[in-house]
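Structure, as structure tokens:
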Amino acid sequence: MARPDELTFAPLGGVGEIGMNLSIYGLGNRHQRAWLAVDLGVSFGDEEHLPGIDLIMPDIRFLEKERNNLVGLVLTHAHEDHFGALIDLWPRLQCRVYATKFSAALFEAKCAAERNPPKIPVTVVPSGGRIDLGPFGIEFIPVAHSIPESHALAIHTPAGTVLHTGDWKIDPTPIIGLPTDERRLRELGDAGVLALVGDSTNAVREGRSPSEAEVAKTIRALVKAARGRVAVTTFASNVARLKAVADAAKAADREVVVVGRAMERVVQVARETGYLDGVQNFRGADLYGHLPPDKVLALCTGSQGEPRAALARIAGDDHPQVTLNKGDCVIFSSRTIPGNEKAVSAIINGLVTQGIEVITDRTHLVHVSGHPRRDELRDMISWVRPQLLIPVHGEALHLSEHAKLARAVGVPKVLICRNGDLVRLGPGDPGIIDQLPSGRIYKDGTILEDSKSRAVVERRRMGFAGCAFVAIAMTDKGELVDDPEVDLVGIPAKNSAGEALDDIVFDVVISTVEGLPRARRRDPDAMAESVRRAVRAALNEQWGKKPLCLVHVLTV
């Protein structure tokens with residue numbers, strides 16, 4: 001039987017996948033719980049499987065239903081996979097949002113770039129600060145990551161303390177921001193931690209993630225050695241990397257030109273919040289062409305191959321202000337997110353074909369992960385000494401490896417869960433006690449659709465096999481008024497014998513209509529379905545694929 005002080009946890013996104021993070025914590029009994037939400041992120045659409053889908057977000061049906069019991073939403077940091085769904089989904093929740101200064105400022109800038117953003121109340125919490133939301137006491141513990149002001153959350157409750165790590169690593173020299181607060185994490189461990197809900201992204205990698213300071217040394221040496229123009233692309237939010245690039249440019253007597261709106265936005269926020277104090281002013285893209293090749297460094301968006309980002313346009317010689325020539329150098333100070341490999345490779349190959357030198361992390365230490373490798377995971381466990389460990393933020397392999405590591409170092413209880421699992425953390429034995437509604441929401445242009453959206457399913461089919469459009473005009477007596485109209489989109493013009501497919505489809509439509517009993521011809525829906533089936537069957541026979549087929553019957 002559920003106790004009044006039962007503490008529960010449920011991931012609604014970000015478990016069994018990387019991205020789209022949303023975790024909720026509940027305190028109370030099964031009839032009445034107070035809920036705390038942590039992060040509300042996105043993942044990105046895959047054109048091959050989800051054509052036209054811009055963003056994927058967690059399904060928040062459960063939280064909508066529990067809105068009156070939702071005490072607040074806390075952000076661990078300002079990466080898109082942790083706060084990117086906030087603007088679209090907040091109107092369904094209407095709760096107060098809590099974030100530290102940089103995250104709040106970046107979110108405000110993101111809202112300002114939207115056409116009609118909702119007015120979302122954000123309360124700024126100091127780094128290392130504590131807030132009380134209902135029965136939850138939430139402490140923001142600084143951790144190193146690839147964006148300023150990342151925080152693990154110590155969630156204090158009457159049933160025990162949970163450490164929700166967020167994204168983190170151990171980096172004694174992070175360039176910008178505070179290193180991971182080992183002292184405070186050890187204090188928590190001494191006081192007793194019920195559960196550690198931890199980042200599993202790099203659980204398959206041995207050793208430790210190198211420091212941002214080591215990347216800075218490599219970039220400095222590469223920029224100094226360059227003779228022509230240099231372009232560097234990286235995640236815009238990695239302010240430590242932006243500073244490293246700026247310092248490298250200054251040492252080589254180069255001006256930094258910022259190219260791309262996302263980069264401009266982060267630079268502005270970083271200056272406003274003091275993270276680029278002492279760093280030289282950057283120039284706008286309009287000045288690029290006026291600087292000698294050995295005096296300029298372009299800091300560009302587009303490290304993931306985004307087609308309209310600065311680097312893709314530069315590589316395609318389609319940027320109005322920035323060009324690169326043979327002998328120039330492009331540094332990819334980033335890793336390629338799974339799913340973006342083709343797009344990034346296309347840009348790299350395009351640059352290499354033009355005689356531009358391309359440097360990536362395959363040959364030089366120009367990027368480091370913001371997530372902990374296995375030795376760092378062991379350190380965290382040894383500091384915190386949790387009674388229970390739940391791996392999150394990873395695909396199935398990452399979760400499994402993190403769980404094995406935790407068992408090997410003696411964590412008493414380890415539990416792997418999936419999105420939608422409601423987990424009892426305590427008191428008593430932990431375990432999965434219920435299933436909550438979970439799933440995905442697709443952002444299609446400006447419209448939010450559920451994962452069963454007809455538009456998404458049909459677009460995928462159209463991308464694979466095209467569409468046949470047929471229009472038929474009939475009299476009320478079931479006679480053809482005129483020849484049917486046939487339009488084949490995305491379908492070959494001729495079959496393997498060289499015969500026109502639209503002629504074949506036309507003949508099939510005529511024969512199908514004429515072969516129907518008169519009563520069926522007077523039923524537009526029945527006739528449309530008969531024609532649809534016949535056209536798809538004929539095209540499958542001629543082509544080997546079944547396209548979508550839309551039949552419009554007009555009675556005159």
Got a second to check how far [X]'s [atom1] is from [Y]'s [atom2], nearest 0.5 Å?
X    : Y    : atom1 : atom2 : answer
L22  : I60  : CG    : CD1   : 8.0 Å
R186 : D379 : CZ    : CG    : 8.0 Å
N202 : D167 : CG    : CG    : 10.5 Å
F62  : L436 : CZ    : CG    : 4.5 Å
F282 : M263 : CZ    : CE    : 9.5 Å
I147 : R241 : CD1   : CZ    : 12.5 Å

For the pair [X] (side chain) and [Y] (backbone), establish whether a donor and an acceptor sit closer than 3.5 Å, ignoring hydrogens and angles.
X    : Y    : value
Q94  : P91  : yes
S237 : H79  : no
E149 : F102 : yes
D59  : I441 : no
R265 : L106 : no
E376 : S209 : yes
T273 : V269 : yes
T301 : A310 : yes
T8   : L422 : no
T233 : C300 : yes

Looking only at heavy atoms, what is the nearest atom pair of [X] and [Y], with distance?
X    : Y    : result
V344 : G305 : CG2-N, 3.7 Å
V223 : A248 : CG1-O, 3.9 Å
I432 : I416 : CD1-O, 4.2 Å
G192 : T161 : O-CB, 4.0 Å
D132 : G137 : OD1-CA, 3.4 Å
F140 : L75  : CE2-O, 3.9 Å

What do you reckon, is [atom1] of [X] surrounded by more than 12 foreign heavy atoms closer than 6.0 Å?
X    : atom1 : result
E108 : CD    : no
R261 : CZ    : no
R220 : CZ    : no

Under a plain distance cut-off of 3.5 Å, with no hydrogens placed, do [Y] and [X] share a side-chain donor-acceptor pair?
X    : Y    : value
Q268 : E264 : no
S150 : H145 : no
D171 : S211 : yes
T123 : R96  : yes
N419 : S438 : no
T201 : H398 : no
D39  : T76  : yes

Show your reasoning for whether salt bridge (charged side-chain N to carboxylate O under 4.0 Å, His left out) applies to R184 and E187.
CA-CA 5 Å; R184 182 59 190 138; E187 288 173 356; 2.9 Å; yes

Output yes when [X] and [Y] qualify as a salt bridge under the 4.0 Å nitrogen-oxygen rule, no when they do not.
X    : Y    : answer
E214 : K217 : no
E80  : K110 : yes
R374 : E401 : yes
D434 : R424 : no
D375 : R373 : no
D247 : K243 : yes

Indicate the ring-plane relationship of H77 and H82, choosing parallel, tilted or perpendicular according to the 30° and 60° boundaries.
tilted

Do the rings of H367 and F235 sit parallel, tilted or perpendicular, given the 30° and 60° boundaries?
tilted

Is the ring centre of F136 less than 6.0 Å from the ring centre of Y25?
no

Does the pair C417 and I390 meet the rule for a side-chain contact (heavy atoms from CB on, under 4.5 Å), with working shown?
CA-CA 8 Å; C417 61; I390 300 178; 3.9 Å; yes

Checking V15, T165, V197, I18 against H393 for side-chain contact (heavy atoms from CB on, under 4.5 Å), the one that qualifies is I18

Indicate yes or no: at least one non-hydrogen side-chain atom of S43 is less than 4.5 angstrom from one of D81.
no

Steps toward side-chain contact (heavy atoms from CB on, under 4.5 Å) verdict (F107, V97)
CA-CA 11 Å; F107 181 64; V97 177; 6.0 Å; no

Before giving the answer on side-chain contact (heavy atoms from CB on, under 4.5 Å), spell out for I138 and V38 the whole-Å C-alpha distance, their side-chain angles and the decisive distance to 0.1 Å.
CA-CA 11 Å; I138 301 119; V38 177; over 6 Å; no

